[in-house]
Amino acid sequence: MATFKEFRNNVKPNWCPGCGDFSVQASIQRAAANIGLEPHQLAVISGIGCSGRISGYINAYGLHGIHGRALPIAQGVKLANRELTVIASGGDGDGFAIGMGHTVHAIRRNLDITYIVMDNQIYGLTKGQTSPRSAEGFKTKSTPEGSIESTLSPLEIALSAGATFVAQSFSSDLKQLTSLIEAGMQHKGFSLINVFSPCVTFNKVNTYDWFKEHIVNLEQFPEYDPSNRIAAMNKIMETGGMLTGLIYQDKNRKSYEDMAVGFGQEALAKQDLSLSREQFDKLVAEFK
Amino acid sequence: MISQLSWKIGGQQGEGVESTDRIFSTALNRLGYYLYGYRHFSSRIKGGHTNNKIRISTKPIRAISDDLDILVAFDQESIDLNAGELRAGGVVVADAKFSPTIPEGIEARLFAVPITAIAEELGTSLMKNMVASGASWALLGLPLEVFNKAVEEEFGRKGPAVVEKNVQAVKRGAEFVLEQAGGPLEQFKLESADGKQKLFMIGNEALGLGAIAAGCRLMSAYPITPASEIMEYLIKKLPKFGGTVVQTEDEIAAATMAIGANYAGVRTMTASAGPGLSLMMESIGLSGMTETPLVIVDTQRGGPSTGLPTKQEQSDINALIYGTHGEIPKVVLAPSTIEECFYDMVEAFNVAEVYQVPVIVATDLQLSLGKQSCEPLDYGRIRIERGKLQTGELPEREPNKLFPRYEFSEDGISPRVLPGAMNGIHHVTGVEHDQEGKPSESADNRRKMMEKRMGKLDSLRITDAVKADAPHEAPDLVVVAMGSTGGTVDEARLRLAQEGMAINHVTVRQLHPFPSDLLEPHLRKAKKVVVLENNATGQLANLIKMNVGCHDKIESLLKYDGTPFLPSEIEKACREMR
């Protein structure tokens with residue numbers, strides 16, 4: 001059995017010291033080991049941005065694609081080989097700005113993959129511009145007078161798009177984050193895990209201390225039932241989207257792979273590609 | 001007796017023009033005639049004039065005709081818009097309901113048939129297309145039972161009562177017109193066909209069939225005219241092979257999903273037209289940079305922007321070749337016949353995997369949507385080649401050593417392994433990378449990687465990259481064309497040959513990398529070269545000038561009004577250019 005150490009490689013991340021993404025990386029590595037995966041059984045598909053580099057820092061199959069497109073690539077990987085555990089990941093710009101269209105539709109499609117967003121409310125790699133997650137009034141290089149656009153609530157959007165697994169966590173809470181990633185990977189369908197992952201260089205507002213002060217851990221509410229969609233939406237709104245933990249899970253809905261008529265139970269990638277003479281003749285005969 | 005004839009049906013979109021055409025041509029196909037269809041339609045579902053034209057011949061044909069023999073019209077607009085095409089002695093079969101008239105100056109015989117009245121009498125005006133087609137079929141003097149068989153196939157699933165009613169409608173239409181005409185018209189008496197039923201399909205179906213034969217098991221695509229039939233065909237078939245079609249949220253998702261699936265080992269395609277291709281450009285770059293196979297079909301239509309979505313054009317050539325930012329190896333193919341649509345898809349998937357590159361298969365609207373007879377498809381020609389894909393067990397790696405996915409090699413092509421394989425872990429990134437796929441900004445590595453990628457296609461020549469019908473050692477003209485235009489060239493050529501004009505016909509089927517070496521000998525022989533294409537700027541001619549030269553010999557014949565070339569247009573131009 002692989003331990004989390006086997007999911008490490010010798011590539012030194014180019015993240016700033018203190019970046020929240022280090023803990024996300026460690027949590028993925030631990031979660032993968034905890035659920036009994038071997039490195040070659042995991043594929044991490046990432047977008048572009050600081051956090052997008054994560055696929056290169058985990059010893060697993062990894063693809064670092066183009067900005068905003070981690071999800072469609074990850075879905076392609078899963079469709080080709082449903083035996084793989086597939087994680088898509090990237091930042092809030094990647095998933096909620098340029099890639100928002102894919103996020104909503106990946107949620108609707110409900111393929112069995114896990115999407116981990118490292119949400120730092122700012123564009124880091126381009127050195128500090130506003131993100132859809134920035135608070136109104138947030139001053140950045142691109143919003144010197146403060147952002148005048150409303151802040152996007154990915155959790156509300158996910159729920160309304162029909163998400164079957166929605167969770168949120170904080171990169172400092174390694175224990176909670178690891179267990180949510182495990183639960184997400186074991187969920188049979190699309191799982192969204194939004195992670196507050198502070199940018200220590202460009203975001204001087206949403207700092208570690210700020211999050212510690214504002215986060216509402218769902219553990220405080222022992223009666224909370226994550227299978228209740230209305231309660232989940234209410235709780236997201238009540239807490240201004242600052243809640244952490246498993247917010248919603250629908251264990252009944254089947255994944256896309258299981259619903260698609262005729263879709264193979266075995267990895268398509270392992271199938272023989274050739275057509276028999278008989279199969280070919282049958283297809284051609286339809287055009288007579 | 002005649003050997004070929006043109007038939008057209010016109011009406012409002014949604015009025016049954018498509019289904020009439022389908023039944024009419026199915027019946028002709030049963031008799032063994034060669035058919036070539038042309039659809040005139042608009043970007044709307046109901047309303048607006050639409051017409052379908054079928055060319056019927058005892059010999060293979062690949063072009064629409066200059067003129068028309070029989071026009072079936074559901075409304076006066078269809079007569080007004082199309083009667084000009086009728087040749088002297090042509091016939092109009094029209095619904096008596098609207099008191100049809102033939103426009104002044106046109107010599108044609110009118111048969112006003114109570115099409116709607118008969119249909120209503122039999123139960124529903126929906127059957128008026130059956131009355132109309134029965135009438136026009138009867139004028140040809142072809143056996144009615146063959147037509148009835150086609151009617152049965154069309155309506156069989158609706159039950160015997162519906163079939164019977166439609167058969168009645170056909171019969172009534174036929175009887176009425178035969179009485180008026182005094183029997184089948186002598187001038188439309190077609191020679192018997194060979195009686196051998198041909199394959200009959202549109203290019204998009206041939207592309208889809210080719211993809212399945214090539215081992216494609218997934219398609220991710222976004223609907224668009226004139227590409228959607230490919231996804232519609234594949235969603236009916238792929239589940240039978242364990243695969244599926246995913247209708248994505250946009251073309252960016254379609255292309256990137258296909259990249260993800262190809263990376264993970266399933267032959268996956270997408271298909272679109274100009275607007276979608278524009279959206280896919282960044283993804284095509286990712287495929288080229290990460291050396292991940294990808295097959296895209298571009299069914300060219302009138303551009304730019306939304307352009308002429310339902311009309312013919314060949315104006316994506318530059319965009320397909322140069323559209324991606326930066327420099328990547330890429331292949332652009334252009335099938336020129338329906339059979340090539342099939343075989344080229346098999347080749348496209350092989351090239352994509354063997355060379356680990358994006359391959360674009362460019363058709364045009366007429367090739368994609370024109371329904372036509374297809375020669376038997378050869379199972380024996382299907383080969384699946386996966387190149388340097390490693391499928392066996394891999395040796396254990398030293399600690400911290402990854403699979404050398406981008407290893408430098410003599411041919412520039414590196415071993416490839418699929419995610420899930422033990423000891424195959426490597427990284428893939430659109431960032432410049434080293435031999436294990438790890439990001440690298442080293443100048444030395446960058447130079448070597450660029451040379452590796454850009455050198456991969458040096459030797460690539462697809463089957464018949466340049467296809468030539470070049471019987472003349474010293475031709476008066478060499479006509480160069482691509483896509484669906486070839487059949488029209490052949491027809492014009494045949495006519496000009498009777499006047500003693502020696503024309504060689506060359507089709508460019510590999511647009512990129514450009515097969516200069518194969519084209520050059522043909523141009524060298526020519527006194528004059530005419531490059532024919534459906535665009536306004538002569539994109540193919542410019543490619544030839546850039547790659548081969550011969551600037552002084554090359555003249556362009558361009559057509560960019562949304563309609564395909566007619567044989568007579570080529571004939572006239574060749575005569576003038578000689």
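In the text below, chain A, chain B and the rest are named by the order of the sequence lines, each starting its count at 1. Bear in mind the structure is a predicted one, so any value in this text is a computation, not a measurement.
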Across chain A and chain B, what donor-acceptor pairs are shorter than 3.5 angstrom?
{"residue": "A:Asn10", "atom": "OD1", "partner": "B:Lys438", "partner atom": "NZ", "Å": "3.4"}
{"residue": "A:His40", "atom": "O", "partner": "B:Gly420", "partner atom": "N", "Å": "3.4"}
{"residue": "A:Tyr61", "atom": "OH", "partner": "B:Ala421", "partner atom": "O", "Å": "2.7"}
{"residue": "A:Tyr61", "atom": "OH", "partner": "B:Gly424", "partner atom": "O", "Å": "3.3"}
{"residue": "A:Tyr61", "atom": "OH", "partner": "B:Ile425", "partner atom": "N", "Å": "3.4"}
{"residue": "A:Gly62", "atom": "O", "partner": "B:Val428", "partner atom": "N", "Å": "3.0"}
{"residue": "A:His64", "atom": "N", "partner": "B:Val428", "partner atom": "O", "Å": "2.7"}
{"residue": "A:His64", "atom": "O", "partner": "B:Gly430", "partner atom": "N", "Å": "3.1"}
{"residue": "A:His64", "atom": "ND1", "partner": "B:Thr429", "partner atom": "OG1", "Å": "2.6"}
{"residue": "A:His102", "atom": "ND1", "partner": "B:Glu249", "partner atom": "OE2", "Å": "2.9"}
{"residue": "A:Arg109", "atom": "NH1", "partner": "B:Glu249", "partner atom": "OE1", "Å": "3.3"}
{"residue": "A:Arg109", "atom": "NH2", "partner": "B:Glu249", "partner atom": "OE1", "Å": "2.7"}
{"residue": "A:Gly264", "atom": "N", "partner": "B:Gly242", "partner atom": "O", "Å": "3.0"}
{"residue": "A:Gln271", "atom": "NE2", "partner": "B:Phe241", "partner atom": "O", "Å": "3.4"}
{"residue": "A:Leu273", "atom": "O", "partner": "B:Arg217", "partner atom": "NH2", "Å": "3.0"}
{"residue": "A:Leu275", "atom": "O", "partner": "B:Tyr379", "partner atom": "OH", "Å": "2.7"}
{"residue": "A:Arg277", "atom": "N", "partner": "B:Tyr379", "partner atom": "OH", "Å": "3.1"}
{"residue": "A:Glu286", "atom": "OE1", "partner": "B:Lys237", "partner atom": "NZ", "Å": "2.8"}
{"residue": "A:Glu286", "atom": "OE2", "partner": "B:Lys237", "partner atom": "NZ", "Å": "2.8"}
{"residue": "A:Phe287", "atom": "O", "partner": "B:Phe200", "partner atom": "N", "Å": "2.8"}

| request: Show the numbers, then the answer: is there a side-chain contact (heavy atoms from CB on, under 4.5 Å) between A:Leu275 and B:Ile382? | output: CA-CA 9 Å; A:Leu275 280 186; B:Ile382 304 167; 5.6 Å; no
| Minimum heavy-atom distance B:Pro239-A:Val261, with the two atoms named | CB-O, 3.3 Å
| remark: Smallest heavy-atom separation, A:Leu283 atom then B:Phe241 atom, equals CD1-CZ, 4.1 Å
| Region of B:Leu238 in contact with chain A, defined by heavy-atom distances below 4.5 Å | neither
| field | Rounded distance (nearest 0.5 Å) linking atom CD1 of A:Ile98 with atom CD1 of B:Ile252 | value | 7.5 Å
| said: Is B:Leu209 in contact with chain A via its backbone, its side chain, both, or neither, using a 4.5 Å heavy-atom distance? | reply: side chain
| message | Please identify, among B:Ala258, B:Gly424, B:Pro439, B:Ala254, the residue contributing the most non-hydrogen atom pairs under 4.5 Å to chain A. | response | B:Gly424
| request: Could you look at B:Val245 and say if it's the side chain, the backbone, both or neither that has a heavy atom under 4.5 Å from chain A? | output: backbone
| Heavy atoms, side chains only, cut-off 4.5 Å: are B:Val266 and A:Leu79 in contact? | no
| note | Interface check, chain B: of A:Ala74, A:Gly262, A:Gly62, most non-hydrogen pairs under 4.5 Å belong to A:Gly62
| query | Where on B:Pro399 is there a heavy atom nearer than 4.5 Å to chain A: the side chain, the backbone, both, or neither? | reply | neither
| Using a cut-off of under 4.5 Å for heavy-atom pairs, which of B:Gly260, B:Cys216, B:Gly265, B:Gly215 has the most such pairs with chain A? | B:Gly260
| message | For A:Leu84, which atoms come within 4.5 Å of any heavy atom of chain B: side chain, backbone, both, or neither? | response | side chain
| query | Can you check whether B:Leu377 reaches A:Phe287 side chain to side chain, under 4.5 Å on heavy atoms? | reply | no
| query | B:Ala261 and A:Ala80: which non-hydrogen atoms are nearest, and at how many Å? | reply | O-CB, 3.4 Å
| message | Is any side-chain heavy atom of B:Leu286 closer than 4.5 Å to one of A:Ile73? | response | yes
| Which bit of B:Ile384 is near chain A, if near means a heavy-atom gap under 4.5 Å: side chain, backbone, both or neither? | side chain
